[in-house]
Protein chains: 2
Amino acid sequence: MAECQDPLRENAPPSPVEAVPLSRASITDAAIDFIEDHGLDRLSMRALATELGCGTMSLYSHVRNRDDLVAAIVGELLERSGILAVTASEFTGWQQLITASLHAYRDLAVDYPGSFELLALAPYDVAPVVEHLERLVVALRRAGVTGDRAYEVLGALDAYATGFLMVWARAQAGRKESDERASSSLRDLRTLEVFDQGLRVFIEGFELEFARNEPAAD
Amino acid sequence: MAECQDPLRENAPPSPVEAVPLSRASITDAAIDFIEDHGLDRLSMRALATELGCGTMSLYSHVRNRDDLVAAIVGELLERSGILAVTASEFTGWQQLITASLHAYRDLAVDYPGSFELLALAPYDVAPVVEHLERLVVALRRAGVTGDRAYEVLGALDAYATGFLMVWARAQAGRKESDERASSSLRDLRTLEVFDQGLRVFIEGFELEFARNEPAAD
DNA sequence: ACCTGAACACCGTTCAAGT
DNA sequence: ACCTGAACACCGTTCAAGT
C-alpha cells in the first residue's frame, strides 16, 4: 500500500491528477502544471513529489537531478510549441521564417508564462534547436548573407525576442497573484502587438543593411 | 572579542577585505565582489557573512532581507555605471542618447558579468531609472514620436540590450570556471561589436518608421 | 542600535534498505 | 527496476538574549 498511484486519501492534498503512473514524461508534465499554477520559485523536488503523491526520492528514478528535470521541461515545451516544425515547412523568405519562428516563441510565453524563463535562459545545446537554427542560416544565406553574419543576425533577433518576452512573462506570472484579471487581457494583447511591431522594425533594419551590402548582386 | 572587525585569526578564512566596519554600503560592496568571484548562485546570507567575518544575523541589522540586499546591489551598480548621468548631459538627438545609455548598460555587463542578471531582471520601480527613462522619452518626443509610442520604442531597444547582454554575461561568468582565459578577450570584443551593430540596425529601423509616419512635419 | 547563536521550516541529494 | 525514509549539508529568517 501507499504506492504512488494510491496514496492514503486522508493525507493526500487535493491535486488534480495523480492517477498517472510515474515516468519521466508524467513528472515533466506535472512540473509544468505546477510551475504555471504556483510559480517557478515554488517548484522543488519535494513539493513536486507531494503534488504527485509519492516520495521525493521516487522522482530520482526517472530524472537524474533538478537540472535534468529542467532540461526535460524545456524539451517538452519546445515540442509543444511546434517551433521546430516552422522551418521544416515551406516559406518564401528569411523574413517569414524568422517571423514565424519568433511568433511561435512568443506564443510559448503566452501559454507558459511561468515556465518561459527556463526556456529563455536554457543553453542552446539542445540538438533540435541547433538544427532549427541551421535551417534559418540557410535561408539567410540564400539572401546573400554570409554564414557568420547570419548567426549574428539570428542572435540579435533572438536577443530581442528573449529580452522582451522574459520581461512580459515575468509581469504576467506576477499578475496572477494580484486580482487584475479582468482588464489584463486587453493590455496583454496590446503589449504583444508592440512585440510584433518591434520585430518588424528590427527585420526592416536588417533588410536595409543587406540591401546596402549587396547592391551589385541583383 | 569576536567582533566583526576582529574575528579569531585561526578560524578566519583568507578573505581580502574584512577591516571594513559593517554597514549597508560595505555589505553591498562585499556582495558584489562575492558574486563576481564565486558566482551568483553561491551568494547566500550565510556565505556572505562568513566572507565578512561576522555572524549571519549581523547582516540583518543593515539589510531587511535577501531581496533588500539585491535591491541595494542593483542600486549600487546603477550608480557605478554612470548610466543615469548620460541623459543629464547634452546630446544632439535621441539616437545618441539611447546609444550612449545602452553602451553604459553594455559596459555594466562587461564589468559585472556575474551580477548583471540581477540588474537585468530587476523591476523598473527604482526612482532614478524612471527619471532617466523620462528624459529619453522627451528626446524621442522632440523627434515627433508620441509619448506612448516612445515608451514602446524604448522598451523594444531595452529588450534587445537586456536579452543580448544577459546571454553574453552568462557565457562570460560560466567561462570563469573553465580555463580559456587567454583566447577569450578577442572573442568577447567581437561579440560586443555584434551588440553595437545590432543596436545600430535596430535604431535605423526605428528611424525608418519615424520618417514614414511624419513625412509632412518637415 | 548593533550583534549573536539557537531554532524553525525549508532546500537538493546520497545512501542503505526495501519490493 | 522502482520506490522509500533517514540523514547530510545546505538555505532564509524569527526569536530571545546579549552588548
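Residue numbers begin at 1 in each chain, while the letters A, B, ... track the order of the sequences.
Under the Watson-Crick or G-U wobble criterion, with both distances below 3.5 Å, D:dC15 is paired with C:dG5.
In this structure, the CG atom of B:L52 is 15 Å from the C1' atom of C:dT4, given to the nearest Å. Between B:L48 atom CG and D:dC11 atom C1' there is a gap of 14 Å when expressed in whole angstrom units. With rounding to whole Å, B:R24 atom CZ is found 13 Å from C:dC2 atom P. Between the P atom of D:dT14 and the CZ atom of B:R64 lies a distance of 12 Å, rounded to the nearest Å. The separation between A:N65 atom CG and C:dC15 atom C1' is 16 Å, rounded to whole Å. Separating the CG atom of A:L43 from the P atom of C:dC10 is a distance of 16 Å, rounded to the nearest angstrom. The distance between atom CE of B:M45 and atom P of C:dA7, rounded to the nearest whole Å, is 21 Å. Regarding B:L69, its CG atom lies at a distance of 14 Å from the P atom of D:dC11, rounded to whole Å.
The phosphate of D:dA1 has neither OP1 nor OP2 within less than 4.0 Å of any side-chain N or O from A:H62. Using a 4.0 Å cut-off, some side-chain N or O of A:Y60 falls inside it from OP1 or OP2 of C:dT13.
Distance check, rounded to the nearest 0.5 Å: CG of A:L77 to CD1 of A:I83 gives 11.0 Å.
The only member of B:L119, B:L108, B:D111 that meets side chain to side chain contact (heavy atoms under 4.5 Å, CB included) when paired with B:S81 is B:L108.
Aromatic ring centres of B:Y160 and B:F195 lie closer together than 6.0 Å.
Distance from the side chain of B:M57 is smallest for C:dA6 among the nucleotides C:dA6, D:dC3, C:dT13. With C:dG12, C:dT4, D:dC3 as the candidates, the nucleotide lying closest to the side chain of A:R66 is C:dG12. For B:R46, the side-chain atoms get nearest to D:dC11 when compared with the rest of C:dC11, C:dG5, D:dC11. Closest to the A:S58 side chain, of the nucleotides C:dC3, C:dG12, D:dC3, is D:dC3.
Side chains of A:D158 and A:T162 form a contact here, defined as non-hydrogen atoms less than 4.5 Å apart.
Across all strands shown, B:S61 has heavy atoms under 4.0 Å from base atoms, whether or not it also approaches the sugar-phosphate.
Between B:R42 and A:L59, the one whose closest nucleotide on DNA chain D sits nearer the 5' end is A:L59.
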Requested in this report: Assess whether salt bridge (Lys or Arg N to Asp or Glu O under 4.0 Å) is satisfied between B:D37 and B:R42, documenting all intermediate values.
Outcome: CA-CA 10 Å; B:D37 285 347; B:R42 291 263 278 275; over 6 Å; no
